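Working notes, structure below.
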2 protein chains.
Amino acid sequence: MIKNLVKMPKTLERREKLRSDLILAAERMIAARGLSGLKTRDLAREIGCANGAVYNLVADMDELILRVGSRTLLRLDEALSAAESAGEPSPQETLVRIALAYCDFAAENLQLWRALFEHRMEADKVVPDWSVQDQMQLFRHIYQPLAALFPKRSREELGITARGLFSAVHGMVALGLEQKLVAVPLPALRKEIAGLVRAMSDGLIARDVERSGGG
Amino acid sequence: MIKNLVKMPKTLERREKLRSDLILAAERMIAARGLSGLKTRDLAREIGCANGAVYNLVADMDELILRVGSRTLLRLDEALSAAESAGEPSPQETLVRIALAYCDFAAENLQLWRALFEHRMEADKVVPDWSVQDQMQLFRHIYQPLAALFPKRSREELGITARGLFSAVHGMVALGLEQKLVAVPLPALRKEIAGLVRAMSDGLIARDVERSGGG
DNA sequence: AGAAAATTTTGAGCAATGATCAAAAATTTG
DNA sequence: CAAATTTTTGATCATTGCTCAAAATTTTCT
């Protein structure tokens, strides 16, 4: 029968509250014990419902992990936004600040940040659109300073450069924070990143000038 | 009782053969179905032994995955070595060739390459030394051309730069081959990588000159 | 309000999986 | 060849994500 959408029945209210509790509990659990430490039974106990009830709130673990990822991406986005506008407006230094903010966020939210990249969708299931959109937002922070540095480049070229630069920084952070390869002290890693970002943008500018005129 | 080490009894022979079969089967299985598609029962069936026998050949799944990783790293090392010496000897172009070789290897061995980074040791177990050593070897390819470019830098500084550069390329390959973010066609990715590596080394050289004299 | 209908929650249970270990099989020794 | 030793086996355990019939709850209808 058709639901009364105005009264917001107790059931729906409770459900929304529970769903939100579930996502928060999952977030805490990943932060504390890593993606592989996330267990449905622990979650159910934590939010006070039956094992099976988790699947009334969320289609499966994949969705839950993606929801947590969405929250992590949102916070990351905020951190990058803050870095974008704090400090001197020079595009190069803005790029450096954003890179360092990315590094700091990853270090401070290690497990949640890792979960973003470790998680693999169960075979032949596609990542839902809302999650993909979340991810794409990140490049936009880096896009603006790049556009200022390279006014002649097309939107598409800039997009490619932005993704490349972002990926390079991501790699440095990823391998830098990985204890698998030699663990690097955080200050050293930050210095390394700042140096390479400056070098990359210097190099890109030099090649840009070379290309479009001044020899 | 004390084993006769000369006769190489049938048992040991068989065991070594089985162990080797096991690792090869695991390699094929990861290549075909990804790290998460690796199952002990399938492995046992594949090499023709009982389920439990897998644990006579290998301590646990972690060790097996590390053994496969060791083989993958060896092949990667060979690919990078080949790139190091093929083509013009200019250090910059050598760096570009190595980066592209890394990219190509990852693309051609996608699942095995991913397994190298996806795998996480079970909680509070340490990666054995032989595996760590394998991993460190990779930086050495990039170290030599860098030493040629920056003769004044100390061994330690060069090591840091080498790791940074390697990590940056790794990041571009990792996010570039990840269908999670927008899938990039391989030729475009290679172009992007070559461009950024050239820019990075240009930038690094400029900053080096600036630092140690001409300015 | 109260009974019937519809919905939601529950938790026992399923299937898959990594790992174990007592018993069976094979090998070596004497 | 029989006893002693080692190796292999596969039934079994514990853990998981997930399902689904039954129980509990909520809503609807009179």
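Everything numeric in this text was worked out from a predicted model, so none of it was measured.
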d([atom1], [X]; [atom2], [N]) in whole Å:
X      : N       : atom1 : atom2 : answer
Y55(A) : dG17(D) : OH    : P     : 6 Å
R41(B) : dG18(C) : CZ    : C1'   : 7 Å
I47(A) : dT10(C) : CD1   : C1'   : 13 Å
R33(A) : dT15(D) : CZ    : C1'   : 13 Å
R14(B) : dA25(C) : CZ    : C1'   : 11 Å
L43(B) : dG18(C) : CG    : P     : 9 Å
R19(B) : dT7(D)  : CZ    : P     : 11 Å
N51(B) : dT9(D)  : CG    : C1'   : 9 Å

message = Over all strands shown, is L18(B) touching base, sugar-phosphate only, or nothing at heavy-atom distances under 4.0 angstrom?
response = nothing

Heavy atoms from C-beta onward define the side chain here; which of [options] lies closest to that of [X]?
X      : options                   : value
D60(A) : dG18(C), dC18(D), dG17(D) : dC18(D)
T40(A) : dG10(D), dG17(D), dT10(C) : dG17(D)
M61(A) : dC18(D), dG11(C), dA19(C) : dC18(D)

inquiry  = Between F117(A) and H170(A) (judged by ring centroids, cut-off 6.0 Å), do the two rings come close enough to count as a pair?
reply    = yes

ask   = Looking at Y143(B), is R140(B) sitting on its ring face, NZ or CZ under 6.0 Å from the six-membered ring centre and within 45 degrees of the normal?
value = no

Can you list, pair by pair, the side-chain donor-acceptor contacts under 3.5 Å of residues 18-32 of chain A, counting residues two or more places apart and other chains?
{"from": "R19(A)", "atom 1": "NH1", "to": "L57(A)", "atom 2": "O", "distance (Å)": "2.5"}
{"from": "R19(A)", "atom 1": "NH2", "to": "E16(A)", "atom 2": "OE2", "distance (Å)": "3.1"}
{"from": "D21(A)", "atom 1": "OD1", "to": "K17(A)", "atom 2": "NZ", "distance (Å)": "3.3"}
{"from": "D21(A)", "atom 1": "OD2", "to": "K17(A)", "atom 2": "NZ", "distance (Å)": "2.9"}
{"from": "E27(A)", "atom 1": "OE1", "to": "R71(A)", "atom 2": "NE", "distance (Å)": "2.8"}
{"from": "E27(A)", "atom 1": "OE2", "to": "R71(A)", "atom 2": "NH2", "distance (Å)": "3.4"}
{"from": "R28(A)", "atom 1": "NH2", "to": "E46(A)", "atom 2": "OE2", "distance (Å)": "3.0"}

query = Is it true that atom CD of Q144(A) has more than 12 heavy atoms of other residues, nucleotides or ligands lying nearer than 6.0 Å?
reply = no

task = Verify the contact: side-chain N or O of R15(A) to OP1 or OP2 of dT9(C), cut-off strictly under 4.0 Å; return yes or no.
result = yes

